[in-house]
Amino acid sequence: MIRTVSLAIWLFAFWLLLSGHYTLWLVGAGIVISGGIAVIGRLTGFADEEGHPVERILGGLGYWPWLAIEMVKSSIDVARTILDPRRPIEPQLFEISVGPKTAVGAVTYANSITLTPGTVTVAVDREHDRFTIHALTKAGAEGVRSGEMDRRVVAFEKGGRT
Amino acid sequence: MILFAALLAVLVAVALMTFRTVAGPTTFDRLLAANSIGNGAILIVALYGFLTDRPDFLDLTLTYALLNYVGVFAVLKFFRAGSEPDEQAEDAR
Amino acid sequence: MSLVAMLASEATRFTIVLVMVAGLYIVIARNNLIKKLVGLSLFQSSVYLLYLLPGKIFGGTAPIIDPRFDVYANPLPHVLILTAIVVGIGTLALGLALAIRIKEAYGTIEEDEVLAKDRGPAGAAARKAGPRG
Amino acid sequence: MTAIASGSSLLGLALVIPTVVAVLVMLLGRLPNLRDAASLVGALLLFVTIGALLPDVLAGARPVLPLVTIAPGLDLVLRVEPLGMLFALVASTLWIANSVYSIGYMRGNQEPRQTMFFAAFAVAIAATMGVALAGNLVTLFLFYELLSLSTYPLVTHKQTPEAMRAGRVYLLTLIGASMILLLPAIVWTAFVAGTTDFQLGGILGGKIGPLAMAVLLGLFVFGAAKAAVMPLHRWLPAAMVAPTPVSALLHAVAVVKAGVFTILKVTVYIFGLDTLQATGASQWLVYVAGFTIIAASLVAMTADDLKRRLAYSTIGQLSYIVMAAALASPLAAMGAAIHIAAHAVSKITLFFAAGSVYTAEHVTKVSQMDGIGRRMPWTMAAFTIGALSMIGLPPTAGFLGKWFMLAGAGSLHEWFAVAVIVVSTVLNAAYLLPIAARAFLKPAGGPVAEAPVAMVVALTATAAGTVLLFLFPEVPYRLASALVSR
Amino acid sequence: MRRDIVLRVAAKFIMAPLMLFALYVQFHGDYGPGGGFQAGVIAAAGVILYALINGLAAAQRLVSMALVERLIPAGVLIYAAVGLVSMALGGNFLDYNPLAHDPVHGQEWGVFLVEAGVFLTVFSSMIAIYYAFASRRAS
Amino acid sequence: MTDIVATIVSGILILVGAGFFLTGAIGFIRMPDLFTRLHAASLSDTTGMALILSGLAVHAGFTVAAVKLVFLILFLLFMGPATTHALAAAALAAGVKPLGAQRHAARKGPLKAAETARTIEAATAKRPQKPVSRKGKRR
Amino acid sequence: MSFLAAIDQHLPVIVVLAPLLGAVLVALVRVEIASWPIAVLAALISAAAAFRLVFVVEQLGVVSYRLGGFAPELGIEYRVDAVNVLILLVVTAVSLVTLLYARQSVAAEIDGGRVPWFYAMMLVAMAGLLGMAITGDAFNAFVFLEISSLSTYTLIALGRDRRALVAAYQYLIVGTIGATFYVIGVGLLYLATGTLNLALIVERLPDVVSPRALIAAEAFILVGIALKLALFPLHAWLPNAYGYAPSAATVLLASTATKVAVYLMARFLFGVFGIHVEIGPVSVTGVLILLSLAAMFVASLAAVFQRDVKRLLAFSSVAQIGYITLGLALANPAGLTGAFLHIVNHALMKGAAFMAIGAVLLRCGSSRLDDLAGIGRTMPATAVALTIAGLGLIGVPGTSGFVSKWYLVLGAFDDGKGWLAFMIVASSVIAVLYVGRLLEVVWFREPGKAALAASEAPLSMLLPTLLLAGLTIFFGIDAEMPARLAGAAATVLLGGHP
Ligand code: NA
Ligand code: NA
């Protein structure tokens, strides 16, 4: 119930931001539509804790900036690898074990790995909590193996407590 | 000027990506390149919109981005559908 | 600005011809029914570009409705492109559906093989099975 | 003025009467007596109608009845002129005889599908009237085709495989030829001359070169395959499988006559005799027709089947008319016109006789006819008269036509034509007279037993007509003269 | 593909904003390029994405085939009905001015309804096309 | 003042983004196999695009356009990795061998090669319940 | 009275809207039994409106209808004059008769579940064709062209032979290329003139500076339409498409689809570009005459060698289209009248012929020529209709085919091209061959097992067939009405007032 209301509010905010026209007609339509989608989402199941994980916002506030910086850093690394012929590429495929236990946590971790250039989550084995990763360089692979991202995602999963 | 330079860079990039769609060698290479070209197109439209002071087409870019991804998934699905005999059973569940 | 517009316009013209010829070539040269459809879509998409030319995306007025609702501006080129796209999607979907049913009925989507299967006495016997199977 | 007006309505009546008969026959199918009466009464009424036209036509009137304008410049028109008058007169007269005979034949042989038979017959007569009275080529073509179609069920009346085969040959030849040859000829004519109306003196003079004219004439002659000019003659012997009244219709009343009528009419009214004479465009046809005459006569000599022999006789006789038309002299054309009438009465007599023999004794072969003249004296007497007319001996109608043709050929110094006429006369005698001789000179072998009385009455009447036409040739002669006078 | 948790969560997460965005485009068609067609495409793309990742059955629980097959003509019917009503009110076919007392409101209503019809038809057509293909490949 | 800052910031973001986008595209050409190209694409599709679009958003200031750009960025950051992941998984499943695996194996000898092959097999298996080689982790 | 006046005012839109709404209703209701009555009702309304339009146009000359009330500059204008009112009449009337005919044929040939779909597609195709004919907007014509095309592909694919799928696919490829060519040409016109309204395009053409753009536009448009109307040698799709489609669909397509394309070509040739224009070194009329002649001879010859009657008739259609385009190329009153008359007449006779074949298909289960043997005995009425249609195709006097060919020959002579008249007649002789072959089998061959077991088609199919055959005869004897309408169309196309 609360999740549904939350979704409706989020959607309505989204509506208002997009709209730019604040007539009775459009705002009214926004309210009806936001509520309607939230209810339908609840009924058909796409607005559950996986579809609308509103409770992770707080954790995200701590995690996302770090991720952004990581992205920039590895971007530069990959760009140099591409542009500099002297830098060898050492692509490798390997597995890691995964700390985050919830679906949202695991997905955040997998996507974070993929988002940072140089590493891609190729396969997810939830039953054994293992990812298969492909990395462009040895450094990239080491970065993942170091487990820092794992720890931070676990913290994000728990709501921001490090 | 900056916008124009960026636009030029994106255009060149798209040209390079186009080479990959032609060269392949695997379907996935082509698909990957096509997806990136789609993203390039989004950038082109966005940059052009600002270049000409008419950012009205951003709605289009959002739509296009969505279609771009749906397209990739659809193609992937097309390649994998044949190899998943248990899909039906799963659907039934 | 006008240089940009001119460059863009020339590039668009060039692209139109390129896309058209490439699409048509694929339709004619390819034997695979699906690939032909891809070529066909490419060929059709040259139209969208063509109609962009007068649409003045580059430095023209927005195809929008005057907020005061008394005069409707001419949204023509975009409506036209949109319409052409709808038509293209419809054609592509129908073509793919046909290709799939051909695959079901003939077991192949290579045009020459399909045509060969309807020739001769063996084809005559198989035809009646029809696409409904 | 009133004469023309009444003439117009008579023209319409000439089409309406047989059509109404056809409808009545269909409606009265369950009541054979009434049905057959309808045929008879219709035939009489038609005869009266046509007869009523005669005085006007002889007096020089040419009544017109526009039927419908298909499109500007494209009309269906009826218009009577001497040749058409003659043809209509012959056909309507012989319809009476044929009706009487048919009733006897159909009942005597207990034929199935009699209603269909009489209805189709009536439609065929209507089509014949249309052909005879057509005012232009398009109208003529339409009725000409209708005639082909309406006689098809008659030819296939027996519905045996053989009959169906014959019907197929019949229709394919006739329709095929008219579609492929006659129709293009008409269109060609229409656009060269700007009209397809029949006009005395022709409409093509000066508008088309001699060679083209010869080609066009060829299209007409072979397009009108009903005239059975070789090599388009096969359908006629094939159609012999039909019942005898049908053969009579084909040979005497309507079908083949429609063919030669068309050719004669085209030479007179489309090409113009003078034009043909001047250009020599029809000279080739003299040879082709002459060949047909001789060849058909020779084949007739070898045929044992009586109707087959008569069929080849018809092919030869028709080519007399075609050859006369090709000679393009007024005298020969008169001869051709008269021969249409003469051949009609005499050939119908021969077929009636053949049918009577079949009905009474189921004899179809010449070799089986020994002494039959003694058992069926009326029939075979009539046959003999018909045969004399075919040969062209007085006192029969056949003499008249041949005489004019011979005179025409002679006056033009067409010695080939003269020779053909003379030689073929000998051949005619050679294939017809032995039959009469066999019938009367061989022993009887049985009592006198004639065919049903209706048949005997009919064949006696036509035989008498053959003689009477010789004795009183005024009407055909005047019509034939009017045909070539300007 | 749908066994994959990454995609499943992504698809679920994106659905609601996508639908909202579709309707945003629908309702703001007057103010820029867009309207019923794009909105229909976006919404349909959302459902198709959902189907691609979560399976045809799941998508059809969301939007059933029977519904789709009726929505297509229904959209056209709305379109035609607006035209007919404007004819009945004395205007030409699809002339929206007579739809309300005030021509401006007439235009608003007319455009809105017609766009709604377009939305329904485009949305359902795209989904119908996808369903047709997906069900064939699965069988 | 803020205008100038905004212009500078947006210019830098756009230019840097364009650079990354172009670099990624070069990577498309230079990288030896699909999986390495995947990383190049990543550079274009996430870093490059996100930077350019943020630059445009800064350029746009507090307008609806900026809002839309932000949504576009969020959408790309969310769906991009999911797509990349799906593509990689699909390629692996379809039997495309990563160059890295081979090269790595060659260096470590035949034994390692066999292990790597098993890793790939495990990663591509449709039902990955069976025990997976743990060697990768220990290594 | 005022209600009628109100109806009159909306006739142009009613003509198109009725089948469209009918399709929507059929698709919404989705009940097999209800589909046919709805379809017939829709076609009836459309036909009535078209019929009424004939009178209105005769009074007013031109009826213009602005969709949404916009000026033609912005909106779409439906524009009816003597030219397209004839097309509307033919399409609606033939569609109505076809739908009347369709019920039992469809029930036999189409799976139950697809019947509503079939009728919906028939109506959509009809609406598309009518829209193409009625619109005064070049792009709108493209939209309607594609509407009719897409529904046509679907209809063809519903044929029961698997080759129907291939035929539909190939037609889709060709048709789409054609439509795209057309819309490219329209785009070039739009670039040059800034408008899509045909009347406005004509007004602004003189101001167009670049003749090259115009030539390109004309070339694209003509080639595009030529593909759709199966102008030789772009006809390869047609025999298969007509050959393997369900019978009722074949009737509709063969009678109407290519005719509308012909109309569109006439509109552009006469109304927009001018018929006597030369594209580079070649004259349009010269090329058109050449291609028409090729169609008349080659397609007729091809028809002679067909073993399937539907394909035979389809090749005949290609040939007959040749006559129509020949009439266009003559570009004089008689020739154009002939062309438009032949549009009418060919619709009637081909409709009758394909209906008859549909009846045979229903009763004998085959449309192979050999399997038609002897149906003259077991299905006489059907065979008679087929015969009349065949004679019409030849152009026998007494059938409407003769009248149209008459006008064509007349047009050839008016143009000082006597040799063309000869070609018309000569090609008709080839028609004698293929029609003769057909009729020979029908009437003279011994019936096979299927033909012997066959009985006459049900009355609901027989009556429409005989109606079209009867009209073929009627208009062959009294062509006043169609000739007047066709003549008026010719006059308008040539720039005069009817
Ligand atoms: Na990455
Ligand atoms: Na098309």
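Order of the sequence lines sets the chain letters (A, B, ...), proteins ahead of strands, with each chain counted from 1. Computation of the quantities below employed the complete heavy-atom set of this structure, encompassing side-chain atoms and omitting hydrogens, waters and symmetry-equivalent molecules.
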- Taking every heavy-atom pair that is under 4.5 Å apart, which of A:Val107, A:Thr121, A:Leu136 has the most such pairs with chain F? A:Leu136
- Heavy-atom pairs under 4.5 Å with chain F, option from A:Ala135, A:Ser19, A:Ala110 with the top count: A:Ala135
- Task: Check F:Ala88 against A:Val120 and note the closest heavy-atom contact, atom names and distance.
- Result: CB-CG1, 4.1 Å
- For A:Leu18 and F:Lys68 the tightest heavy-atom approach is CD2-CG, 3.7 Å
- Item | Proximal component of F:Phe20, with respect to chain A [non-hydrogen, under 4.5 Å] | side chain
- Message: On a heavy-atom basis, which atom in F:His39 and which in A:Val78 lie closest, and how many Å separate them?
- Response: O-CG1, 4.4 Å
- Query: Once you round to the nearest 0.5 Å, how far does OG1 of F:Thr84 lie from CG of A:Asn111?
  - Reply: 9.0 Å
- Task: Verify the neighbour count for atom OH of A:Tyr22: are there more than 12 heavy atoms of other residues, nucleotides or ligands below 6.0 Å?
- Result: yes
- Message: Please classify the contact of F:Phe78 with chain A as side chain, backbone, both or neither, using a heavy-atom distance under 4.5 Å.
- Response: backbone
- Query: Do A:Ser75 and F:Leu43 come close enough that some side-chain heavy atom pair is under 4.5 Å?
  - Reply: yes
- Note on the structure: Nearest heavy-atom approach of A:Val122 to F:Ala89 is O-CB, 3.3 Å
- For A:Thr114 and F:Ser42, which heavy atoms make the closest approach, and how far apart are they? O-OG, 3.5 Å
- Query: Roughly how far, to the nearest 0.5 Å, is CD1 of A:Ile89 from CE of F:Met31?
  - Reply: 5.0 Å
- Which pairs count as side-chain hydrogen bond (donor to acceptor under 3.5 Å, both in side chains) when at least one residue sits in residues 9-31 of chain F, sequence neighbours excluded? none
- Would you check if A:Pro117 and F:Thr47 make a side-chain contact, meaning some heavy-atom pair closer than 4.5 Å? yes
- Message: Quick check on A:Arg87: does its CZ atom have over 12 non-hydrogen neighbours (other residues, nucleotides or ligands) under 6.0 Å away?
- Response: yes
- Contact class of F:Leu77 relative to chain A, heavy atoms under 4.5 angstrom: both
- Heavy-atom distance under 4.5 Å to chain F: side chain of A:Phe131, backbone, both or neither? neither
- Message: I need the minimum non-hydrogen distance between A:His134 and F:Thr36, along with the two atoms involved.
- Response: CE1-N, 4.2 Å
